Amino acid sequence: MSNPFDQVPFGAAEFADNPEPRCPCLLLLDTSGSMQGRPIEALNQGLVAFKDELATDSLAMKRVEVAIVTFGPVNTVAEFQTADLFTPTRLSTTGDTPMGAAIEHGLEMLRRRKDEYKANGISYYRPWVFLITDGAPTDSVVAAEQAIKAGEAAKAFSFFAVGVEGANMDILAKLSTRQPLKLDGLKFRELFSWLSASLSGVSQSQVGQTVALQSPAGWAEV
């Protein structure tokens, strides 16, 4: 006989309250010293716009989950949480660019989150991993590159890389199986508007269904 004072584990309660399929999006954001000034301000404004635009879609608010890992140094700013609970944190800059460690850390977070979905019978869309940087890694990215390639091959996630002015696009091209995109100026707001619309479109589809992405023209140099 169950104990009436037993409590439902937090994770189980979370999924019981919202059993919708999840569309996880991991943001890997460069907050190293080179992002100081206008770039970090534009990035912060973009994150606010991201939340505001997701909030206009009630289904996306239940299905899209956002997590943020910054690097400079590696820091988990937000664990995976549905968009209705996501509150943009004002980011600041410091340190160097440990990109490889950030990617490995973020992918491990994603792996754990998928295990939680499975344990609770929650279906999920293919996760998106979105890397934004204006520099080059100051640590080894060999293990991160291997993890990305393996994850893409297994269709465990889709990895996107965006280079801000000054980014080493050759490194990003080596990391990603997709062509990295170069941000047009500091159009972070337009980038996150595109990301919000894209995730909303995915969250409206059936799990496993292929959804055509909108062109990134408007924020990327294409």
Side-chain angles (χ1 to χ4, degrees), residues 20-30 39 41-69 78 80-88 91 103 106-107 110 113-114 123-134 148-149 151-165 167 169 172-222:
E20 293 284 345
R22 298 301 205 271
C23 179
C25 177
L26 169 64
L27 300 177
L28 301 173
L29 305 177
D30 186 346
E41 287 302 318
L43 176 58
N44 280 319
Q45 292 169 11
L47 287 171
V48 172
F50 184 46
K51 171 60 186 279
D52 289 346
E53 298 207 17
L54 283 173
T56 65
D57 184 334
S58 59
L59 191 58
M61 290 289 273
K62 294 180 180 178
R63 293 185 170 184
V64 174
E65 288 198 350
V66 180
I68 297 179
V69 171
F80 281 102
Q81 55 194 314
T82 47
D84 59 330
L85 300 176
F86 169 61
T87 301
L91 304 177
I103 293 171
L107 294 183
L110 179 58
R113 189 57 172 168
K114 289 167 70 174
S123 59
Y124 57 93
Y125 302 85
R126 189 184 302 184
W128 284 23
V129 180
F130 219 82
L131 172 76
I132 301 176
T133 180
D134 75 335
I148 292 168
K149 298 288 193 298
E152 286 276 10
K155 299 183 178 180
F157 54 79
S158 296
F159 183 88
F160 301 87
V162 177
V164 185
E165 183 65 36
M169 302 301 289
L172 296 184
K174 189 176 179 183
L175 279 173
S176 179
T177 59
R178 294 176 181 77
Q179 183 68 28
L181 294 169
K182 178 78 177 293
L183 187 69
D184 182 3
L186 293 175
K187 293 185 176 179
F188 282 105
R189 182 180 292 273
E190 290 82 355
L191 181 160
F192 279 105
S193 177
W194 175 89
L195 182 59
S196 171
S198 299
L199 291 171
S200 291
V202 171
S203 69
Q204 300 281 348
S205 68
Q206 299 295 317
V207 173
Q209 180 181 351
T210 300
V211 177
L213 293 181
Q214 300 175 14
S215 167
W219 61 266
E221 295 179 359
V222 295

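What you are looking at is a predicted structure, and each value in this text was computed from that prediction instead of being measured.
- Residues L54 and A83 approach most closely at CD1-CB, 4.0 Å, considering heavy atoms.
- Taking all atoms of both residues into account, the shortest heavy-atom contact from K114 to A156 is NZ-O, 3.0 Å.
- K149 has its side chain within reach of T177: a pair of non-hydrogen atoms, C-beta onward, lies under 4.5 Å apart.
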Query - side chain to side chain contact (heavy atoms under 4.5 Å, CB included) assessment of L29 paired with F130 - result: CA-CA 8 Å; L29 305 177; F130 219 82; over 6 Å; no
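- No donor-acceptor pair closer than 3.5 Å links the side chain of D134 to the backbone N or O of E165.
- Using modelled atom types, one finds no donor on one side chain facing an acceptor on the other under 3.5 Å when comparing E65 with T82.
- L28 CG to L131 CG: the interatomic distance, rounded to the nearest 0.5 Å, is 5.5 Å.
- In this structure the side chain of K174 never reaches within 4.5 angstrom of the side chain of M169, judged on heavy atoms.
- Taking CG from L181 and CG from L172, the interatomic distance works out to 10.0 Å, rounded to the nearest 0.5 Å.
- Within a 6.0 Å radius of CD in E221, more than 12 heavy atoms belonging to other residues, nucleotides or ligands are found.
- A 6.0 Å sphere centred on CD of Q209 holds more than 12 heavy atoms belonging to other residues, nucleotides or ligands.
- Side-chain contact check for F159 versus S176: some heavy-atom pair is nearer than 4.5 Å.
- In plain terms, the two heavy atoms of S203 and V64 that are nearest each other are CB-CG2, 4.3 Å.
- By the 4.5 Å heavy-atom criterion applied to side chains, Q45 and F188 are not counted as neighbours.
- Using a 4.5 Å heavy-atom cutoff, the side chains of L43 and F192 are in contact.
- For the atom pair R63 CZ and S205 OG, the distance stands at 8.0 Å (nearest 0.5 Å).
- The side-chain tip of R22 does not point at the ring of Y125 from less than 6.0 angstrom away and within 45° of straight on.
- A heavy-atom distance below 4.5 Å is found between the side chains of L186 and P39.
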Query raised in the report: Can F86 and I68 be said to form a side chain to side chain contact (heavy atoms under 4.5 Å, CB included), step by step?
Result: CA-CA 10 Å; F86 169 61; I68 297 179; 3.7 Å; yes
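- With ring centers used as reference points, F157 lies 6.0 Å or more from W128.
- Evaluated for a side chain to side chain contact (heavy atoms under 4.5 Å, CB included) with L27, the options V66, V69, V129, I132 yield exactly one hit, V66.
- Considering only heavy atoms from C-beta on, W219 comes within 4.5 Å of V162 through its side chain.
- Taking the side chain as every heavy atom from C-beta outward, L59 and Q204 approach each other to under 4.5 Å.
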